[in-house]
Amino acid sequence: MEIKTVGVIGAGQMGNGIAHVCALAGLDVLLNDLDEGRVTAGLATINGNMMRQVAKELISEADRKAALERIRPAVGLEALRPSDIVIEAATENEQVKRSIFTALCPVLRPETIIASNTSSISITRLAASTDRPERFIGIHFMNPVPLMQLVELIRGIATEDPTFEASKALIDKLGKVTTVAEDFPAFIVNRILLPMINEAIYTLYEGVGSVDAIDTAMRLGANHPMGPLQLADFIGLDTCLSVMQVLHDGLADTKYRPCPLLVKYVEAGWLGRKTKRGFYDYRGEQPIPTR
Ligand SMILES: NC(=O)c1ccc[n+]([C@@H]2O[C@H](COP(=O)([O-])OP(=O)(O)OC[C@H]3O[C@@H](n4cnc5c(N)ncnc54)[C@H](O)[C@@H]3O)[C@@H](O)[C@H]2O)c1
C-alpha cells in the first residue's frame, strides 16, 4: 500500500515537524489538534522553519510554497478520513492517546494505518485500544524532525508485515534512516538518553554542580553537542517526566525513579523551551540558568 496522504494528530513541536517533512517529501498532509488556533500556530511554526531552510538554501522558495499548500488544517477527527496513515503525535499521556484512538477508529477507512510517535508507551497496549492492532505501529521521530536523521520503528505484538513495510517505505521517502526497536519501555534511544538526563537532574538536585557546570561538563567533557539540561528543556520536561514514569512503572527498577526536582519543575509548569522556562529562562535575549 502506497502512502499518499498523511494525517497528523497534534500540531505541537513533533506534529508540526512530522507535517513539515511529509509535505516537503510531496505527501498530502492533514494536520489536526484540539482546536483551530493550535493548528494555525503549528502552521505558522512550519512556515517559519521552512523560511529558515530557504535562507540556508536547503530548499527553494518554490519548494516551501508547494509544501505549505500540501498541508491542510483538519479540525475534528472526521477530517482525517482521507488519510492512508494517521501519525498520532499528541501529548505523551496514555489516557490522552487511548481516547484519541477510540474516537479516531470509527471515522477512518478500515485499511488506514495508525502510528504513534510515542516516546515510551507500549505500542502493543496502545494498539489494543484500536480496532486494528495489525495495522498499528510505533513510528518514533526525533526532535527536531526536519534535522534529525533517525526514526525508530516499533512493531506491537500484532503488527503485520504490510504495515511494517508501508511504514518503512514512508520513512525512506522522507530520506530518513530507520532503526528497528522491540516494544519495551522507551524503546532504544530514550531508554538510554532519558536516564542520563534524569541523572543530570539528580546531579543538580544534590548540589554536585550548577546548571551551567553540568551542561558545560557534558558538552566539553563528553563531547555532547548540547548539555543534558539544555536537551531536557528542548525535549520538554513533561515529556521527560512521562518517559521516566513509563520506565519506572514498566521495568520496576528504582534506578529509573524520576528525580523530585524534575517533578517540581513540571508541577510549576516550567516545561522548558515550549513554555519559555525550564532549567533555563528563555524570556530574554540569552537563556539564563534558573539554578
Ligand atoms: N519532544 C520530543 O523531543 C519528542 C521526541 C520524540 C517523540 N515525542 C513524542 O511526540 C508526542 C508529542 O510531543 P511534543 O513534544 O510534540 O508535545 P507538545 O506538547 O509540543 O505537543 C502536543 C500537542 O498535542 C496536542 N493534543 C493534546 N491532546 C490532543 C487531542 N486529544 N487531540 C489532538 N491534539 C491533542 C496539544 O494541543 C499539543 O499541540 C509525544 O508522544 C512525545 O512523547 C517527543
Side-chain angles (χ1 to χ4, degrees), residues 7-21 30-46 49 73-80 83 86-105 107 114-123 125-126 129 137-154 171 176 179 181 185-194 196-197 226 228 230-247 266 269-276 278:
V8 179
I9 300 181
Q13 50 182 354
M14 293 307 291
N16 76 53
I18 295 165
H20 177 135
V21 296
L30 298 164
L31 184 59
N32 168 274
D33 204 300
L34 284 170
D35 55 54
E36 202 172 348
R38 290 175 207 239
V39 176
T40 310
L43 282 167
T45 303
I46 295 170
N49 290 341
V75 180
L77 292 173
E78 306 73 39
L80 295 174
S83 311
V86 172
I87 304 177
E88 171 277 313
T91 311
E92 185 73 349
N93 174 306
E94 186 163 343
Q95 217 32 60
V96 169
K97 293 185 188 293
R98 291 176 82 97
S99 51
I100 288 174
F101 297 137
T102 306
L104 177 69
C105 288
V107 309
I114 305 180
S116 177
N117 184 51
T118 178
S119 302
S120 58
I121 303 168
S122 161
I123 297 303
R125 215 162 55 231
L126 290 177
S129 70
I137 194 161
I139 304 186
H140 181 220
F141 289 87
M142 308 291 135
N143 183 22
V145 183
L147 297 184
M148 299 294 280
Q149 276 280 295
L150 188 80
V151 179
E152 281 181 307
L153 201 50
I154 308 114
I171 299 167
K176 301 206 179 281
T179 194
F187 321 125
I188 297 175
V189 174
N190 286 333
R191 168 79 178 259
I192 299 170
L193 187 61
L194 265 297
M196 185 203 70
I197 288 175
M226 61 169 84
Q230 199 187 355
L231 180 57
D233 275 359
F234 197 68
I235 293 170
L237 302 190
D238 52 341
T239 301
C240 291
L241 177 58
S242 266
V243 175
M244 288 312 300
Q245 282 163 338
V246 168
L247 281 168
V266 173
W270 292 15
L271 308 182
R273 281 186 172 268
K274 63 186 169 187
T275 58
K276 302 231 179 297

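Throughout, residue positions are numbered sequentially from 1 according to the sequence presented. Remember, predicted model here, so these are calculated numbers, not experimental data. Basis for what follows: all heavy atoms, side chains included, without hydrogens, waters or symmetry-related copies. Start at 1 and go down the list; that is how both ligands and their atoms are numbered.
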- Task: State, to 0.1 Å, how close L150 and M142 come at their nearest heavy-atom pair, and which atoms those are.
- Result: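 Scanning both residues completely, I find the closest heavy atoms to be O-CG, 3.3 Å.
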
- To the nearest 0.5 Å, how far apart are CD1 in I100 and OG in S116? 9.0 Å

- Query: At a 4.0 Å threshold, what atoms of ligand 1 neighbour a non-hydrogen atom of G12?
  - Reply: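 Near G12, the atoms of ligand 1 are 16 (O), 20 (O), 21 (O), 23 (C), 39 (O).
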
- Take H140 and N190 through the test side-chain contact (heavy atoms from CB on, under 4.5 Å) and record every step on the way to the result. CA-CA 10 Å; H140 181 220; N190 286 333; 3.4 Å; yes

- Query: Please walk me through it: do L153 and T179 pass side-chain contact (heavy atoms from CB on, under 4.5 Å)?
  - Reply: CA-CA 6 Å; L153 201 50; T179 194; over 6 Å; no

- In terms of residue, atom name and distance, what is the protein heavy atom nearest to atom 41 (O) of ligand 1?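 That would be E92 OE1, 2.5 Å.
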
- Item | Option set A89, S120, A232, criterion heavy-atom distance to atom 12 (C) of ligand 1, minimum |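 That would be A89.
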
- Looking at CZ of F141 and OG of S119, how far apart are the two atoms once the value is rounded to the nearest 0.5 Å? 12.5 Å

- Residue pair E36 / P73, side-chain heavy-atom distance below 4.5 Å: no

- atom 27 (C) of ligand 1: nearest protein contact (heavy atom, Å):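 Answer for atom 27 (C) of ligand 1: T91 OG1, 3.2 Å.
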
- H140: numbered ligand 1 atoms lying under 4.0 Å from its heavy atoms: 6 (C), 7 (C)

- Message: Could you tell me, atom by atom, which parts of ligand 1 come under 4.0 Å of a heavy atom of I9?
- Response: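 Near I9, meaning under 4.0 Å from one of its heavy atoms, ligand 1 has 33 (C).
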
- Item | Options A103, A90, S116, G17, ranked by nearest heavy atom to atom 40 (C) of ligand 1, top entry |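 It is A90 that holds the nearest heavy atom.
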
- Message: Out of V151, N143, L231, who is nearest to atom 3 (O) of ligand 1 when you count heavy atoms only?
- Response: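 Of the listed residues, N143 has the closest heavy atom.
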
- Side chains of H20 and V145 in contact at under 4.5 Å (non-hydrogen atoms): no

- Task: Find all atoms of ligand 1 within a distance of less than 4.0 Å from any non-hydrogen atom belonging to K97, and give their numbers and elements.
- Result: 40 (C), 41 (O)

- Note on the structure: Test side-chain contact (heavy atoms from CB on, under 4.5 Å), reference I87, set I137, I114, I18, output is I18

- Task: Starting from atom 36 (C) of ligand 1, locate the nearest protein heavy atom and write down its residue, its atom name and how far away it is, to 0.1 Å.
- Result: D33 OD1, 3.5 Å

- Query: Under a 4.0 Å heavy-atom limit, does I100 contact ligand 1 with its side chain, its backbone, both, or neither?
  - Reply: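 For I100, the contact with ligand 1 is made by the side chain alone.
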
- Task: Within a distance under 4.0 Å of any heavy atom of R38, pick out the atoms of ligand 1 and give their elements.
- Result: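 Result: 37 (O).
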
- Closest heavy-atom contact between I46 and A19?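 So the two residues come closest at CD1-CB, 3.9 Å.
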
- Query: Which pair of heavy atoms, one from G10 and one from V8, lies closest together, and at what distance?
  - Reply: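 Closest pair (atom of G10, atom of V8, distance): O-CG1, 3.7 Å.
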
- Message: For atom 33 (C) of ligand 1, which of the options N32, V189, V145 provides the nearest non-hydrogen atom?
- Response: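 Nearest heavy atom to atom 33 (C) of ligand 1 lies in N32.
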
- Message: How far is atom 42 (C) of ligand 1 from the closest protein heavy atom, and which atom is that?
- Response: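 The closest one turns out to be S119 OG, 3.4 Å.
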
- Message: Is K274 close enough to touch ligand 1? Criterion: a residue heavy atom under 4.0 Å from a ligand atom.
- Response: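 K274 counts as a contact of ligand 1 under the 4.0 Å cut-off.
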
- Of the non-hydrogen atoms in A74 and L80, which two are nearest, and what is the gap between them? CB-CD2, 3.9 Å

- Report the distance from atom CD1 of I121 to atom CG of N93, rounding to the nearest 0.5 Å. 7.0 Å

- Query: Which heavy atom of P185 sits nearest a heavy atom of R191, and at what distance?
  - Reply: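 For P185 versus R191, the nearest heavy atoms are O-CD, 4.0 Å.
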
- Task: For atom 1 (N) of ligand 1, grab the closest protein heavy atom and report residue, atom and distance to one decimal in Å.
- Result: I235 O, 2.8 Å

- Of all protein heavy atoms, the one nearest atom 20 (O) of ligand 1 is Q13 N, 3.0 Å

- Message: Test of understanding: given a 4.0 Å heavy-atom threshold, classify the contact between D238 and ligand 1 as side chain, backbone, both, or neither.
- Response: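 The answer is neither.
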
- Which ligand 1 atoms, with their elements, are less than 4.0 angstrom from a heavy-atom of F141?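 Those of ligand 1 that fall under 4.0 Å from F141 are 5 (C), 6 (C), 7 (C).
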
- Query: If you count the atoms of ligand 1 from 1 in the order shown, which ones are under 4.0 Å from a heavy atom of V96?
  - Reply: 28 (N)

- Task: For residues N143 and F234, report the shortest heavy-atom separation together with the two atoms involved.
- Result: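 Here N143 and F234 meet closest at ND2-O, 3.4 Å.
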
- Message: Students should be able to answer this: which protein heavy-atom is nearest to atom 44 (C) of ligand 1, and at what distance?
- Response: M14 CG, 3.3 Å

- Message: What I want to know is whether N117 and ligand 1 share at least one N or O pair that is separated by under 3.5 angstrom.
- Response: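 Yes, there is a polar N/O contact under 3.5 Å.
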
- Task: With heavy atoms of T239 as the reference, note each atom of ligand 1 found under 4.0 Å away.
- Result: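 Matching atoms, with element in brackets: 43 (O).
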
